[in-house]
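All chains are named by letter (A, B, ...) in the order of the sequence lines, taking the proteins before the strands, and each is independently numbered beginning at 1.
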Protein chains: 2
Amino acid sequence: MRLSTKGRYAVTAMLDLALNSGRGPVTLADISVNQGISLSYLEQLFAALRAKQLVRGIRGPGGGYYLGKGADEISIADIICAVDEWVEFTRCGGRENCRGGERCLTHSLWDQLSDEIFTFLSEISLADLVERGQRQQRQGERVERHPMTAGKQRAA
Amino acid sequence: MRLSTKGRYAVTAMLDLALNSGRGPVTLADISVNQGISLSYLEQLFAALRAKQLVRGIRGPGGGYYLGKGADEISIADIICAVDEWVEFTRCGGRENCRGGERCLTHSLWDQLSDEIFTFLSEISLADLVERGQRQQRQGERVERHPMTAGKQRAA
DNA sequence: GCAAAACCAAGTAAGACCCTAGGATAAGGC
DNA sequence: GCCTTATCCTAGGGTCTTACTTGGTTTTGC
C-alpha cells in the first residue's frame, strides 16, 4: 500500500465533490480554489479517477464532475489505488529467491500487513467519512486528536 | 499519515530483527543481504530508529542491533513515524483561511481519516505480526490475499 | 594492534511530485 | 454560427525524495 500526498489530494478532492455535488456538477476550478491544488494537477488526478469510473465528467459550460457512483460505493482504497499505482513490494514474488524460509517469512509478514491496511481502507467509504464529519459538527466540537498530530497543531 | 517504500524498508528490517535477535545481535550486513537493502541506506534508517529508541546498537566485532524494547511494545506506526517524518497536511491549521466552513470540513474529514489510519497502525505491534505469521505458517499455507494484490502475483 | 562492526557526512542518479504552458474537444448561451 | 466555459490531452521542467555510493571515524572483541 502506498499513501502519499498525491493520494491525499485525491481523497480531499473527492470529499469536496461528495460534499458539493448536490447543487449540480462541481468544476475543477472550484476544487482548485477550495483545496489549494493547481488546476492542471487536478486534471491529471481526475483523469485517473475517471478511468476507474470514480467520477463522471460533464463537458461544456455549466459542466464539471459528479461522483461516478454513490458515495457509499466508493472506498478510500479505491481512490488511493486509482491515483497511486499499487506497487507489489516483495522481490521474491512469493517463491523464487526464498530458499531460507526465514526471508520468505519476513516478506509474507509484510504482505499480510499490507493487505490489512488495504482492507481497512476498503471498509471506509466516502459516505462514512461525510456522515461522521457531519455528526461531529452537529456536536459542535472536534473529536480529540492523537497526541502526535495534536501536539504539532497546538504548539505555538 | 505517510506510507512509502521507505517505511516498508524500515518495517521489513524491524521484522527481520524481531525474528533473528534471539541468537544475539543482528548485523546490518545480514539484514542487507536478507532483505535486499543497501547497507548504507539501512544505516540511515537505523539512525532514525535509534533516535526513537526503537533499536539498540552494539558496536565492535560481534556487535549489531537489538530491538530497543519488547516486540509487543513497538507498533508499526512507531516504525513508520521514525523514518517517515509525520507531515501535517492541512494548510489552514485548523482555523485560519477557513472562512467558508465547508473547506474546513473537508480538511477536518481528512484529519479524521489520517488519525484513523494512524490509530489502526498503532494497534498492530511487531509481536502481533510475528505471532500471526507463525500461526499462519503452522497451518501450512498462506492466507487468501486480496483480489487486487493477488491478481498481480498469480498472473503469468 | 587488527579487524569487525556501528556510526557519520557528503554527494548523486533516478524518479516522483506538482506545477506551467499550450492546446484540442465538447456543449451551452447569445 | 460564434463565443465562452469547461473537460480533456500532451509536453516539459523545477524541486524534492529515494536509495545508493564513497570514504571516512569511532568503538570493541580477539
Side-chain angles (χ1 to χ4, degrees), chain A residues 1-13 17 20-21 23-33 35-68 80 82-87 89 91, chain B residues 2-13 17 20-21 23-68 80 82-87 89 91:
Chain A
M1 192 76 208
R2 187 119 191 287
L3 185 48
S4 64
T5 54
K6 194 175 177 183
R8 167 181 80 98
Y9 278 142
V11 171
T12 307
L17 207 54
N20 292 314
S21 56
R23 319 186 270 278
V26 181
T27 67
L28 292 188
D30 283 347
I31 299 179
S32 171
V33 170
Q35 306 303 330
I37 313 171
S38 86
L39 181 58
S40 253
Y41 196 45
L42 275 176
E43 286 178 346
Q44 287 174 38
L45 295 179
F46 273 69
L49 293 171
R50 202 169 60 90
K52 294 283 168 59
Q53 259 110 50
L54 298 181
V55 297
R56 190 162 43 91
I58 313 280
R59 303 176 71 154
Y65 281 96
Y66 284 111
L67 292 180
I80 291 172
V83 297
D84 258 333
E85 231 42 46
W86 187 286
V87 196
F89 280 136
R91 309 189 177 189
Chain B
R2 188 120 190 288
L3 186 48
S4 65
T5 55
K6 194 174 177 183
R8 166 182 81 97
Y9 278 141
V11 172
T12 307
L17 207 54
N20 292 313
S21 56
R23 318 186 272 278
V26 182
T27 68
L28 290 188
D30 283 347
I31 299 179
S32 171
V33 170
N34 283 341
Q35 306 304 329
I37 312 172
S38 86
L39 181 59
S40 256
Y41 196 45
L42 275 176
E43 285 179 347
Q44 287 174 39
L45 295 179
F46 273 69
L49 293 171
R50 203 169 59 90
K52 294 282 169 58
Q53 259 110 51
L54 298 180
V55 297
R56 191 162 43 90
I58 313 280
R59 303 177 72 155
Y65 281 95
Y66 284 112
L67 291 180
I80 291 172
V83 298
D84 258 332
E85 229 44 45
W86 188 286
V87 195
F89 279 136
R91 310 189 176 191

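The OH-C1' distance, from A:Tyr9 to C:dC19, rounds to 10 Å in whole Å. The interatomic distance linking A:Leu3 (CG) with C:dC17 (P) rounds to 11 Å, in whole Å. Remark: P of D:dC8 and CD1 of A:Ile58 are 9 Å apart, rounded to the nearest angstrom. If you take CZ of A:Phe46 and P of D:dA6, they are 15 Å apart, rounded to a whole angstrom. What separates OH of B:Tyr41 from C1' of C:dA14 is a distance of 13 Å, to the nearest Å. Remark: C1' of D:dT17 and CG of B:Leu45 are 13 Å apart, rounded to the nearest angstrom. Rounded to a whole Å, the CG atom of A:Leu42 is 17 Å from the P atom of C:dA21.
Residues B:Thr12 and B:Gln35 come closest through the heavy atom pair CG2-OE1, 3.2 Å. The minimum heavy-atom distance between B:Leu49 and B:Ala82, with the atom names listed, is CD2-CB, 3.9 Å. In plain terms, the two heavy atoms of A:Leu45 and A:Ala10 that are nearest each other are CD1-N, 4.2 Å. Nearest heavy atoms, A:Leu17 versus A:Val55: CD2-CG1, 3.7 Å.
In this structure, of D:dC8, D:dA19, C:dC19, it is D:dC8 that holds the atom nearest to the side chain of A:Arg50. Closest approach to the A:Gln44 side chain among D:dT18, D:dA11, C:dC17 is made by D:dA11 (side chain taken as heavy atoms from C-beta onward). The A:Ser40 side chain lies nearest to C:dT20 when the options are D:dT5, D:dC9, C:dT20. Of the candidate nucleotides C:dC19, C:dC17, D:dA19, C:dC19 has the atom lying nearest to any side-chain atom of A:Ile37. The side chain of A:Thr27 has D:dT7 as its nearest neighbour among C:dC7, D:dT7, D:dC9. Taking every side-chain heavy atom of B:Glu43 into account, C:dC8 is the closest of D:dG29, C:dC8, D:dC8.
At distances below 3.5 Å, not a single donor-acceptor pair connects side-chain atoms of B:Thr27 with backbone N or O atoms of B:Gly64.
Within the 4.0 angstrom heavy-atom criterion, no nucleotide atom of any strand lies near A:Leu39. Nucleic acid contact class of A:Leu28 (heavy atoms, under 4.0 Å, all strands): sugar-phosphate only.
Checking the phosphate oxygens (OP1, OP2) of D:dC8, a side-chain nitrogen or oxygen of A:Tyr65 falls inside 4.0 Å. For A:Arg59, no side-chain nitrogen or oxygen approaches OP1 or OP2 of D:dC9 to under 4.0 Å. Close to C:dA16, at under 4.0 Å from its OP1 or OP2, lies no side-chain N or O of A:Ser4. Remark: A:Arg56 is not in phosphate contact with D:dC8, judged by side-chain N or O atoms under 4.0 Å from OP1 or OP2.
Nearest-nucleotide positions on DNA chain D for A:Ala47 and A:Gly60 put A:Gly60 closer to the 5' end.
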